[in-house]
Amino acid sequence: MLDQITTLRQNAEAEIAAVDSLAALEAYRVKYLVRKGAIAELFDRLRGVPVSEKPALGNALNQLRARVQELYDERNAELTKKPAPPAEIDLTLPGRRTFQGSRHPLMQTLDEMKSIFVRMGFGVADGPELEDDYHNFEALNFPPDHPARDMQDTFFISKEALLRTHTSPVQIRVMKEHRPPIRAIMPGRVFRNEAVSARSLASFYQLEGLSVDRGVSFGELKGTLVAFARQFYGRDIKYRFVPSFFPFTEPSAEMYITCFLCKGKGCRMCKHTGWLEVLGCGMVDPNVLRNVGIDPEVFSGYAFGMGIDRTAALRYGVDDLRLFYENDVRFLKQF
Ligand code: 2NL
């Protein structure tokens with residue numbers, strides 16, 4: 001039996017040199033070291049040997065098992081060692097550049113307008129961009145033959161459906177759903193079938209406002225809009241209201257402020273008039289109130305509307321509205 005132990009030891013020492021993978025190492029372990037392996041088998045046979053030989057053989061077997069376990073552990077450590085890190089890392093390489101995005105200038109302008117009106121007690125309402133003739137024109141007191149209904153100005157999607165040409169249909173929906181008092185602004189995207197140029201776009205943003213209650217007056221309209229303009233354009237602006245016409249308001253007016261670029265002296269931005277037109281407004285026409293089921297003998301209201309693109313262009317000195325939609329990062333990152 002001592003010979004068998006010696007042979008097994010020689011084999012185990014020879015075979016470990018050929019173990020070059022974890023799979024081969026596992027086969028080696030199964031051959032020698034497990035409970036039914038070659039060494040355990042010799043331990044089993046120890047039971048049958050004479051008592052006098054037991055201590056010496058047991059000792060030899062224990063040494064064999066320790067030696068093979070040691071060979072196994074060394075190989076295992078070699079095979080599972082992590083590869084050394086690459087020798088050369090260029091610590092002088094510059095870091096990767098990341099870009100910080102920013103809110104679009106049109107949305108910055110809109111956010112600021114919204115927050116001024118919200119602080120004055122206006123709610124914010126939303127509505128569909130796809131509308132019908134009733135909400136976009138008829139309820140707003142547009143005569144059937146009004147030029148704004150013409151195919152030249154309106155994008156028709158089908159006989160019934162069109163892209164809203166202003167956000168006023170949202171106001172119609174709000175007035176039909178809620179009883180006065182109503183105070184709300186309606187910002188949103190509108191569409192006109194116009195030739196695109198530096199000054200006019202086929203799709204742009206508008207913000208309209210509406211206040212309906214008992215005894216709402218033109219004076220209240222002026223006070224609200226002047227308060228808005230002072231916060232938005234600056235404390236020291238001068239303003240004037242000029243009579244105008246809209247089918248849905250009577251009387252109607254346009255609000256002008258002194259040009260903030262030349263302070264009223266006359267420049268390119270104000271076309272040398274010293275004045276900038278900033279919005280349109282008026283008292284809601286009694287016909288519009290009747291159309292939405294509000295009694296014009298009891299209630300009155302004012303409404304106003306302004307273009308967000310035009311306002312942002314004035315504010316930031318942008319001379320071509322198309323720039324707002326090209327989304328060229330070199331343009332956008334200036335705001
Ligand atoms: C402008 C002028 C305006 C309105 C919009 C309105 C809506 C209803 C009733 C009455 Cl439902 N008026 N909106 C009123 C006056 C002017 O917009 O220049 N917008 C860019």
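Values reported hereafter were calculated over all heavy atoms of this structure, with side chains retained and with hydrogens, waters and symmetry mates removed. Numbers here simply count residues along the sequence, with the first being 1. As the structure lists them, so they are numbered: ligands from 1, and atoms in each ligand from 1.
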Please say whether the positively charged group of R230, taken as NZ for Lys or CZ for Arg, lies over the ring of Y239, i.e. under 6.0 angstrom from the six-membered ring centre and within 45 degrees of the axis. no
Between E277 and R310, does any side-chain N to carboxylate O distance fall below 4.0 Å? no
Residue pairs passing the ring pair (Phe, Tyr, Trp, His ring centres under 6.0 Å) test with at least one member in residues 308-335, sequence neighbours excluded, are Y316-F335, F324-F331, F331-F335
The single option from K82, R75, K81 that satisfies salt bridge (charged side-chain N to carboxylate O under 4.0 Å, His left out) with E78 is R75
For ligand 1, list all ligand N or O to protein N or O distances below 3.5 Å, rounded to 0.1 Å.
from	atom 1	to	atom 2	distance (Å)
ligand 1	13 (N)	E208	OE1	2.6
ligand 1	19 (N)	G305	O	3.4

List in chain and number order the residues that pass salt bridge (Lys or Arg N to Asp or Glu O under 4.0 Å) with R192, two or more places apart in sequence or in another chain; answer none if no residue qualifies. none
With sequence neighbours left out, the residues meeting salt bridge (Lys or Arg N to Asp or Glu O under 4.0 Å) with R183 are none
